[in-house]
Student: 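Can you read through this structure? Questions will come right after.
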Amino acid sequence: MEFPRSQFIQEIQERKLLHQCTDLQAVDAMLAQHCVTAYIGFDCTAPSLHVGSLVGIMLLRRLQKAGHRPIVLMGGGTTKVGDPSGKEESRTILTDDTIANNMKSIRGIFEQFLTFGSGPSDAIMLNNAEWLEELNYIDFLRDYGQHFSVNRMLSMDSVKQRLDREQALSFLEFNYMVLQAYDFVQLSRKYNCNLQMGGSDQWGNIVNGIELGRRLDRRNLFGLTVPLITTASGSKMGKTARGAVWLNSDQLNAYDYWQYWRNTADADVGRFLRLFTDISVDEIVRLESVEGEELNEAKKILATEATRLCHGDDEAKRAANTARQLFEEKDGISNIPAIDMPRNELGAGIPLFDLVRRMNLSKSGGEAKRLIKGRGCRINDSIISSETYMVTLDDVSVHGTIKISAGRKKHILICPSE
């Protein structure tokens with residue numbers, strides 16, 4: 001029999017999104033035969049998700065485009081507990097109001113990528129507080145706790161790594177995997193959801209839910225994971241020298257988001273085109289073979305297409321046009337004064353306020369600090385608001401320079417030199 005039969009499995013294999021599946025043949029057959037409901041859980045610890053969550057969001061998008069129904073499960077209940085997966089310390093406990101506000105803010109992100117509604121393949125967003133907050137603790141322990149082995153729970157990577165490092169793991173966090181398994185059972189009962197998806201660090205939690213569903217309801221549930229994405233340098237996706245790359249425009253504007261993708265390392269361009277855009281795989285294969293200036297054009301395509309999905313077509317075009325005016329056209333970067341600076345000095349790091357003063361962009365260090373605090377200072381057109389920010393070689397743009405701006409009219413280019 002031909003494999004894969006389903007459009008979804010074929011596409012995620014071509015785009016190198018598939019990491020593990022509990023029964024790939026069965027999942028593929030199920031997806032080929034009828035509309036399948038699948039979910040991914042997201043926490044509500046901040047008012048925005050960052051690009052580290054984008055792999056999961058794109059997975060739901062591809063599921064829906066293949067004719068299936070995605071469930072976005074917001075962790076209104078589990079956020080109060082905290083997922084220990086990949087964490088080195090306990091998270092701060094958030095108030096109910098903060099969690100509610102975060103959820104409201106995050107929903108807008110998903111509305112950019114998914115179609116919500118009441119149709120067979122329309123996405124729905126749920127909050128696991130709906131069923132978790134109704135639990136009676138003693139009854140829950142009796143009815144569900146008996147199905148979990150503490151020995152096995154201790155062997156899970158999310159727990160084992162914390163214990164091996166002798167880092168605190170609260171009893172509250174230890175319960176997270178039980179609650180996530182319960183989520184899967186509730187979704188299977190209420191919404192006929194029989195596929196949970198997530199990052200590879202969620203494998204153990206997903207398997208727990210599958211086993212709980214089998215023991216309680218004799219249901220066949222399935223799990224599928226995607227690889228955890230790192231850059232070619234080995235760093236985690238979504239983190240830069242200036243902090244997280246947020247998906248909400250009020251946390252990070254479309255231009256800065258475009259620049260993040262434009263600065264992608266050469267070795268990551270093809271992979272990121274597969275993961276984070278809707279460009280056809282055939283076109284991506286062509287772009288993977290280009291070099292030199294054509295590779296820079298491929299990076300611009302990546303930046304524009306990724307920004308279009310997250311911020312819309314108009315904002316993506318505006319960001320691309322702004323970058324072209326600043327860095328390529330005659331009235332842009334070529335008219336900005338350039339100053340050479342030794343690489344070893346930048347390598348050690350220079351306080352931004354001191355650099356602003358030294359470049360005569362302010363009259364004093366105090367004025368420079370006030371400018372930075374008032375969000376009037378930018379590096380490569382990204383606002384810097386930390387008075388203690390250190391300018392380093394990490395700030396060198398794809399053009400080989402660091403553009404420092406004070407207000408709207410004062411600019412200088414730092415050119416690293418030997």
Side-chain angles (χ1 to χ4, degrees), residues 37-46 56 69-87 90-104 106-107 123-159 162 168-199 201-223:
T37 299
Y39 91 96
I40 297 179
F42 299 86
D43 65 26
C44 317
T45 54
R69 180 171 70 155
I71 293 179
V72 178
L73 182 64
M74 300 307 300
T78 43
T79 296
K80 297 176 183 179
V81 175
D83 182 2
S85 302
K87 306 298 182 297
S90 300
R91 282 175 166 163
T92 304
I93 302 297
L94 303 179
T95 66
D96 289 353
D97 286 346
T98 298
I99 292 173
N101 289 333
N102 288 349
M103 284 181 57
K104 183 178 179 181
I106 288 170
R107 181 182 175 93
I124 56 175
M125 179 175 282
L126 301 172
N127 178 2
N128 64 10
E130 175 188 331
W131 51 82
L132 293 181
E133 291 185 352
E134 293 179 351
L135 291 175
N136 178 297
Y137 184 60
I138 299 300
D139 290 343
F140 179 73
L141 287 180
R142 181 193 62 204
D143 295 339
Y144 297 93
Q146 62 174 306
H147 298 290
F148 291 83
S149 162
V150 171
N151 304 66
R152 187 175 181 190
M153 292 167 75
L154 288 172
S155 70
M156 296 289 181
D157 284 344
S158 58
V159 174
R162 290 271 284 273
L169 177 71
S170 70
F171 179 69
L172 182 67
E173 291 175 289
F174 191 60
N175 280 272
Y176 187 93
M177 65 184 74
V178 181
L179 297 177
Q180 184 170 327
Y182 183 69
D183 283 345
F184 200 178
V185 170
Q186 288 297 306
L187 290 173
S188 71
R189 290 171 175 174
K190 295 183 178 183
Y191 299 93
N192 195 32
C193 175
N194 51 10
L195 176 62
Q196 181 182 174
M197 304 187 295
D201 60 338
Q202 295 296 315
W203 181 254
N205 291 340
I206 291 172
V207 170
N208 277 333
I210 291 170
E211 293 181 353
L212 186 62
R214 176 178 54 79
R215 290 171 180 167
L216 293 174
D217 302 334
R218 297 183 179 178
R219 292 184 67 106
N220 286 325
L221 303 180
F222 302 92

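Keep in mind that what you see is a predicted model, and the values were worked out from it rather than measured.
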Student: For residues Tyr191 and Arg69, determine if any side-chain heavy atom of one lies less than 4.5 Å from a side-chain heavy atom of the other.
Tutor: yes
Student: Side-chain contact test, heavy atoms from C-beta onward, threshold under 4.5 Å: evaluate it for Leu187 versus Trp131 and give yes or no.
Tutor: yes
Student: Taking only residues two or more places apart in sequence, or in another chain, which ones meet Arg189 in a salt bridge (Lys or Arg N to Asp or Glu O under 4.0 Å)?
Tutor: Asp217
Student: How long is the span from the CE atom in Met74 to the CG atom in Asn127, to the nearest 0.5 Å?
Tutor: 8.0 Å
Student: Determine yes or no for a side-chain-to-main-chain donor-acceptor pair under 3.5 angstrom, with Asn102 supplying the side chain and Cys44 the backbone.
Tutor: yes
Student: Supply the atom-to-atom distance Ile124 CD1 to Ile71 CD1, rounded to the nearest 0.5 angstrom.
Tutor: 4.0 Å
Student: Residues two or more places apart in sequence or in another chain: which of them pass side chain to side chain donor-acceptor pair (under 3.5 Å) with Asn128?
Tutor: Thr78, Asp183
Student: What closest approach, in Å, do Ser188 and Leu221 show between heavy atoms, and which atom pair accounts for it?
Tutor: CB-CD2, 3.8 Å
Student: Determine yes or no for a side-chain-to-main-chain donor-acceptor pair under 3.5 angstrom, with Thr79 supplying the side chain and Asp43 the backbone.
Tutor: no
Student: Are Gln202 and Gln196 close enough, and set up right, to give a side chain to side chain donor-acceptor pair (under 3.5 Å), and what steps lead you there?
Tutor: CA-CA 10 Å; Gln202 295 296 315; Gln196 181 182 174; over 6 Å; no
Student: Considering all heavy atoms of both residues, which atom of Tyr39 and which atom of Cys193 are nearest to each other, and what is their separation?
Tutor: CD2-SG, 3.7 Å
Student: Heavy atoms, side chains only, cut-off 4.5 Å: are Tyr182 and Leu135 in contact?
Tutor: yes
Student: Could you grab the distance from atom CZ of Phe222 to atom CD1 of Ile210, nearest 0.5 Å is fine?
Tutor: 8.0 Å
Student: With rounding to the nearest 0.5 Å, note down the distance linking CG in Leu73 to CZ in Phe184.
Tutor: 11.0 Å
Student: Check salt bridge (Lys or Arg N to Asp or Glu O under 4.0 Å) between Lys190 and all other residues, then give those that pass, not counting sequence neighbours.
Tutor: Glu130
Student: Which residues pass the ring-ring contact (aromatic ring centres under 6.0 Å, His included) test with Phe42, sequence neighbours left out?
Tutor: Phe110
Student: Regarding Arg219 and Asn192, do their side chains bring together a donor and an acceptor under 3.5 Å, going by distance alone?
Tutor: yes
Student: With sequence neighbours excluded, what pairs up with Asn208 under the side chain to side chain donor-acceptor pair (under 3.5 Å) test?
Tutor: none
Student: Where is the tightest heavy-atom contact between Ala38 and Met197, given as atom of each residue plus distance?
Tutor: CB-CE, 4.1 Å
Student: The criterion is side chain to side chain donor-acceptor pair (under 3.5 Å); which residues satisfy it with Arg214, sequence neighbours excluded?
Tutor: none
